[in-house]
There are 2 protein chains.
Amino acid sequence: MRVAVDIVIFTIQSGSLRVLLVRRKIAPFEGKFALPGGFVHEDEGLEDAALRELEEETGVGDVYLEQLYSFGTPSRDPRGRVISVSYFALISPDRTLQAGSDAAEAQWQEMQKLPPLAFDHGAILEYALERLRNKLEYTTVGFQLLPEKFTLPDLQGVYEAILDKKLDKRNFRRKIAQLKILKPLKEFQQTGRRPAQLFRFVAGKFEKLKDKGILFPF
Amino acid sequence: MRVAVDIVIFTIQSGSLRVLLVRRKIAPFEGKFALPGGFVHEDEGLEDAALRELEEETGVGDVYLEQLYSFGTPSRDPRGRVISVSYFALISPDRTLQAGSDAAEAQWQEMQKLPPLAFDHGAILEYALERLRNKLEYTTVGFQLLPEKFTLPDLQGVYEAILDKKLDKRNFRRKIAQLKILKPLKEFQQTGRRPAQLFRFVAGKFEKLKDKGILFPF
DNA sequence: ACAAAAGTGTTCGATATACACCCATGT
DNA sequence: ACATGGGTGTATATCGAACACTTTTGT
């Protein structure tokens, strides 16, 4: 019985939610897209294995990583019995440039236009998205998808891309404001028309979030 | 690499939350209490394995069962590499009588007075309790801990036992009422002083619960 | 001047919380 | 009659949802 980790790595690019997929070079499912992942080494923790695979695929460490679910239907891998412990990871777009360092065929695909996936990876991805949407509401995971400095429109864009719906600007900003987790900077982003103020995430005061369950001290 | 399932089985007895523990008869941790569980068979799904173990320990099938988390620190089992996929189960007190059918040493222990547990089972149990408390708020799992017919004080007792705090009777009853998931019966429980009305859980209308995430279609 | 996105408050309904008395039964 | 737990309603604070205009910049 072998144990593998499969990782759903989300990022935001061009205002849309994307996931890292690799094209399989060998059977089964040769040529199909799959989640990045691999077998857990004999003396390696599950999360360590996920971090290793993640770094191999994206070249990036130190990202938000959380265990998702374990899939173990006996028939899920035609080669034999493989238990997949799935993880989901979030990475900010300014750190995704290195992607493809290992698996030459790794691509950031839009969640809107997904190809059919190998194994049961479609179900894993679906569940990851549901979890991400839920956590967005009661935790601060959303900030993991932004660079260190960001604007409020950027932040709202992250929420809108994940939830796949428009949000009211004023309500959104009030909600963020009362969390008191943003430090306003004296810098402004000069990109579009009117410059937007930059902020930094400071995990200082998140009382209400903490007792609602920032979750899991592992 | 071996894969095991460990199951946190909760019930309510004498108004307090209890968990099923078995005393280990062999090393390692001989004589210590542990969560019921065992190795996954070669051609058996993870949930099937959990159900099998659960039925072996309690003699009961058809219970609420949900996957919790997978623990895989290499050193967690001194005998060698074992990945534990943990589950949590809820069982109503009128069905727990058969307990101990297999493991002669299986006991329902109060969550208040827990002995130290073998392996990392203490951490598993802690996480299971946290999850149960969270789910209590946005799902109807609480009803799984009651017999088919129950009174409102019974139901409130379940919530109080799990959350380990007193709740306001009137607020509690209003909250339950507006879910419209209880069918009042024409029977009354004759036990204490004044008879209490019996209800039956009917999953009919739980709109708000459903889109909040009754979760996981597997 | 105009186009485009940034920024800013108020109202209203729903939901959570705090709180005290009467009722039905068994002894 | 009294002790025990069952049963019921109101007032207040808090939170989420709807909704429109002014400001700053680049062209």
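Only this structure's heavy atoms are used, side chains among them; waters, hydrogens and symmetry mates stay out. Protein chains get the first letters and strands the later ones, always in sequence-line order, with residue 1 at the start of each.
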Engineer: Among residues at least two apart in sequence or on other chains, which ones pass side chain to side chain contact (heavy atoms under 4.5 Å, CB included) with B:Q178?
Structural biologist: B:R174

Engineer: Send over the distance from B:R174 CZ to C:dT15 P, rounded to a whole Å.
Structural biologist: 11 Å

Engineer: What is the distance from CZ of A:F172 to P of C:dG9, rounded to the nearest Å?
Structural biologist: 18 Å

Engineer: Atom CZ of A:R170 to atom P of C:dA5: distance rounded to whole Å?
Structural biologist: 17 Å

Engineer: Find the distance B:F199:CZ to D:dG7:C1' and express it as a whole number of Å.
Structural biologist: 10 Å

Engineer: Considering only residues two or more places apart or on different chains, which pairs with a residue in residues 9-21 of chain A satisfy salt bridge (Lys or Arg N to Asp or Glu O under 4.0 Å)?
Structural biologist: A:R18-A:E110

Engineer: Could you state the atom-to-atom distance from CG of B:N171 to P of D:dA13 in whole Å?
Structural biologist: 16 Å

Engineer: Using the side chain to side chain contact (heavy atoms under 4.5 Å, CB included) criterion, which residues pair with B:D154? Sequence neighbours excluded.
Structural biologist: B:L146, B:F150, B:T151, B:Q189

Engineer: Going by heavy atoms closer than 4.0 Å, what residues in residues 149-168 of chain A are next to DNA chain C?
Structural biologist: A:P153

Engineer: Taking ring pair (Phe, Tyr, Trp, His ring centres under 6.0 Å) as the definition, give me every residue that meets it alongside A:F10, ordered by chain and number, with sequence neighbours left out.
Structural biologist: none

Engineer: Rounding to an integer number of Å, can you tell me how far B:Q178 CD sits from C:dT17 P?
Structural biologist: 12 Å

Engineer: Using a distance-only criterion (donor-acceptor N/O pair, under 3.5 Å, no hydrogens), is the base of D:dT23 paired with the side chain of A:R194?
Structural biologist: yes

Engineer: Nearest-Å distance, CZ (B:R193) to C1' (C:dC23)?
Structural biologist: 15 Å

Engineer: My understanding is that only residues two or more places apart in sequence, or in another chain, count here; which of them pass ring pair (Phe, Tyr, Trp, His ring centres under 6.0 Å) with B:F33?
Structural biologist: none

Engineer: Ignoring hydrogens and geometry beyond distance, is the side chain of A:K169 in donor-acceptor contact with the base of C:dG7 at under 3.5 Å?
Structural biologist: yes

Engineer: Rounded to whole Å, please give me the gap between NZ in A:K175 and P in D:dA18.
Structural biologist: 12 Å

Engineer: Only one of B:V19, B:D6, B:L68, B:D120 passes side-chain contact (heavy atoms from CB on, under 4.5 Å) with B:L125; say which it is.
Structural biologist: B:V19

